[in-house]
2 protein chains.
Amino acid sequence: MLCHMNGIMFYPLLEEAGDFINSSVRGKKLIICIGLFSVEYLGRSSSNLGLGERVLMVKEDGSVLVHRRVGYEPVNWQPAGCIIRCGVRDGKLLLLSERRRPKEFLKVVFDKVYLITSTSLVDEARFEIGPVENEFYDLLMAHPEYIEEGLRIVSRQKSMPSGIPDFTGKDSKGNYVIIEVKRSMAGVDSVKQLDRYMKSQRGHFRGILCAPSITKSALLILKKKGYDFRRLNLKALSSLVAFKPYEETLDRHLEEGGS
Amino acid sequence: MLCHMNGIMFYPLLEEAGDFINSSVRGKKLIICIGLFSVEYLGRSSSNLGLGERVLMVKEDGSVLVHRRVGYEPVNWQPAGCIIRCGVRDGKLLLLSERRRPKEFLKVVFDKVYLITSTSLVDEARFEIGPVENEFYDLLMAHPEYIEEGLRIVSRQKSMPSGIPDFTGKDSKGNYVIIEVKRSMAGVDSVKQLDRYMKSQRGHFRGILCAPSITKSALLILKKKGYDFRRLNLKALSSLVAFKPYEETLDRHLEEGGS
DNA sequence: CGTGCCAGGTGCCAT
DNA sequence: ATGGCACTTGGCACG
């Protein structure tokens with residue numbers, strides 16, 4: 001019918017929908033179904049969702065998603081690797097998804113199916129994400145100037161009695177510094193963490209907390225303890241890993257606006 | 001066209017699809033779109049996903065989901081509350097989703113749209129889940145012997161300067177105790193949490209960390225600090241609440257089988 | 001709005 | 001498999 005489409009049905013009989021689902025599961029297709037149904041879940045926890053109109057998605061790897069009108073998260077789900085069974089019982093279309101470990105069950109009971117479609121998606125693209133975690137520290141390690149001009153990194157993730165600070169280093173004036181880095185806004189916890197490392201040190205050390213931003217209360221405590229905050233320019237740092245194109249296009253498109 | 005369906009289009013021109021999306025967004029409909037597109041994300045992190053066939057879902061609350069062939073999780077997303085803009089630029093259909101705080105952007109660039117549909121879902125059902133969180137603590141409150149024999153709960157979720165411990169109580173020997181409960185395996189974080197509460201207290205207190213299990217390193221720190229670990233028997237605790245009905249119906253359906 | 005903390009968290013990589 | 005930890009974690013409740 002459609003390119004890449006296995007098929008689509010409007011208002012199928014429940015039997016038809018059941019057959020459609022079973023053949024789609026066997027054929028490793030992605031199923032999207034809009035209908036009126038209820039959902040039960042039993043496993044690590046348990047849940048019950050009465051009748052309502054929702055979207056059901058079943059993927060070829062056995063993962064199942066139930067989406068309501070709103071919310072980023074599915075109201076119920078089953079991760080990849082589950083066994084799907086489907087059929088009509090007592091005038092309702094049942095879809096059961098069983099997870100082996102941990103033992104979990106998801107049951108979808110259809111009263112009506114409004115629309116059901118199954119497709120084979122061709123998607124070989126690699127998902128690139130970054131800079132994240134290690135890559136992020138790699139970047140800072142290679143470019144300590146993004147923390148502070150003239151800084152030289154001495155050690156990274158060195159174990160200390162009180163924990164593991166992200167970096168130790170030497171600043172442009174020859175002072176030893178201990179550096180705690182946060183990828184998102186630093187809070188009171190971050191200051192405490194730095195403080196622990198500092199307290200376990202003998203001799204003169206500077207303490208630096210480096211993050212894209214910091215909460216007011218955290219900055220207050222930080223200052224009082226005589227440590228320094230260094231704003232981390234995430235955008236500039238990101239630009240080092242050749243993600244520029246995106247940013248530019250994004251900005252450009254945003255300026256040009258849509259609709 | 002269809003009951004509850006606002007519309008559906010197969011292989012629309014990109015301009016048509018853009019108009020369709022814009023009117024659906026204005027009309028607070030749920031949009032599902034299967035097409036060939038690429039995705040870029042920029043915000044707390046950044047990501048890039050080249051051309052491929054995927055499913056895009058846009059909900060009335062502004063949340064956006066991009067699903068690939070496999071995997072329970074969306075490859076890219078935007079949570080509720082985002083501003084959606086859409087239009088054709090340079091022969092491609094762009095969909096931009098902007099989040100205000102934190103500042104984050106998601107850009108979807110369509111080469112082709114295979115299928116697009118928008119619907120108004122009627123769904124007033126209440127989602128019931130349990131025993132979770134409160135119910136769980138209710139149970140422990142009513143049955144403190146599952147934490148420790150002879151324990152008497154004194155307070156629950158009492159605010160303290162350093163946070164809110166789950167319980168305070170008095171043990172069989174008359175010692176005051178502070179109790180931190182975890183529903184899943186306790187980690188180093190859990191110990192730290194308990195430690196914070198303990199340190200903010202004057203006078204003699206016992207500290208108890210109660211969880212189904214605990215990581216080795218967490219137990220080490222816990223012992224060193226002189227606190228106690230109490231194994232929580234989740235199964236026994238769960239058996240106190242009657243969620244059997246679900247289990248039975250589920251089992252029955254599973255036995256009867258589908259397909 | 002920040003802070004703290006749970007979640008059916010999920011996923012990844014170590015042992 | 002299990003442990004340990006990061007995540008664009010998201011979400012909620014509370015000061």
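Quick caveat, the model's predicted, so the values are computed rather than measured. Heavy atoms only: backbone and side chains are in, while hydrogens, waters and symmetry mates are out. Residue numbers begin at 1 in each chain, while the letters A, B, ... track the order of the sequences.
Heavy-atom distances to DNA chain D give each of B:G187 and A:R101 a nearest nucleotide, and the one nearer the 5′ end belongs to A:R101. Residue B:D166 is the one, among B:D166 and B:S184, whose nearest nucleotide of DNA chain C lies closer to the 5' end (criterion: closest heavy atom). Annotation: of the two residues near DNA chain C, A:E104 and B:G71, the 5′-most nearest-nucleotide partner is A:E104.
The base of C:dG8 has none of its N or O atoms less than 3.5 Å from a complementary donor or acceptor on the side chain of A:E73.
Comparing C:dG4 with C:dG8, their P atoms sit 22 Å apart, to the nearest whole Å. Across C:dC5 and D:dT8, the matching P atoms stand 23 Å from one another, rounded to whole Å.
Here the NZ-CD1 distance, from B:K59 to B:I84, works out to 12.5 Å after rounding to the nearest 0.5 Å. Summarising the geometry, atom CG belonging to A:L65 is positioned 12.0 Å from atom CD1 belonging to A:I31; distances are rounded to the nearest 0.5 Å.
Of the listed residues (B:I83, B:N76, B:V64), just one forms a side-chain contact (heavy atoms from CB on, under 4.5 Å) with B:S97, and that residue is B:V64. Applying side-chain contact (heavy atoms from CB on, under 4.5 Å) to B:F229 and the options B:V191, B:I214, B:I208 leaves one that passes, B:I214.
A stacking contact links A:W77 to C:dG8: the aromatic ring centre lies within less than 5.5 Å of the base's six-membered ring centre, and the planes differ by less than 30°.
For the OP1/OP2 pair of C:dG8 and a distance below 4.0 Å, the side-chain nitrogens and oxygens of A:R99 include no atom meeting the criterion.
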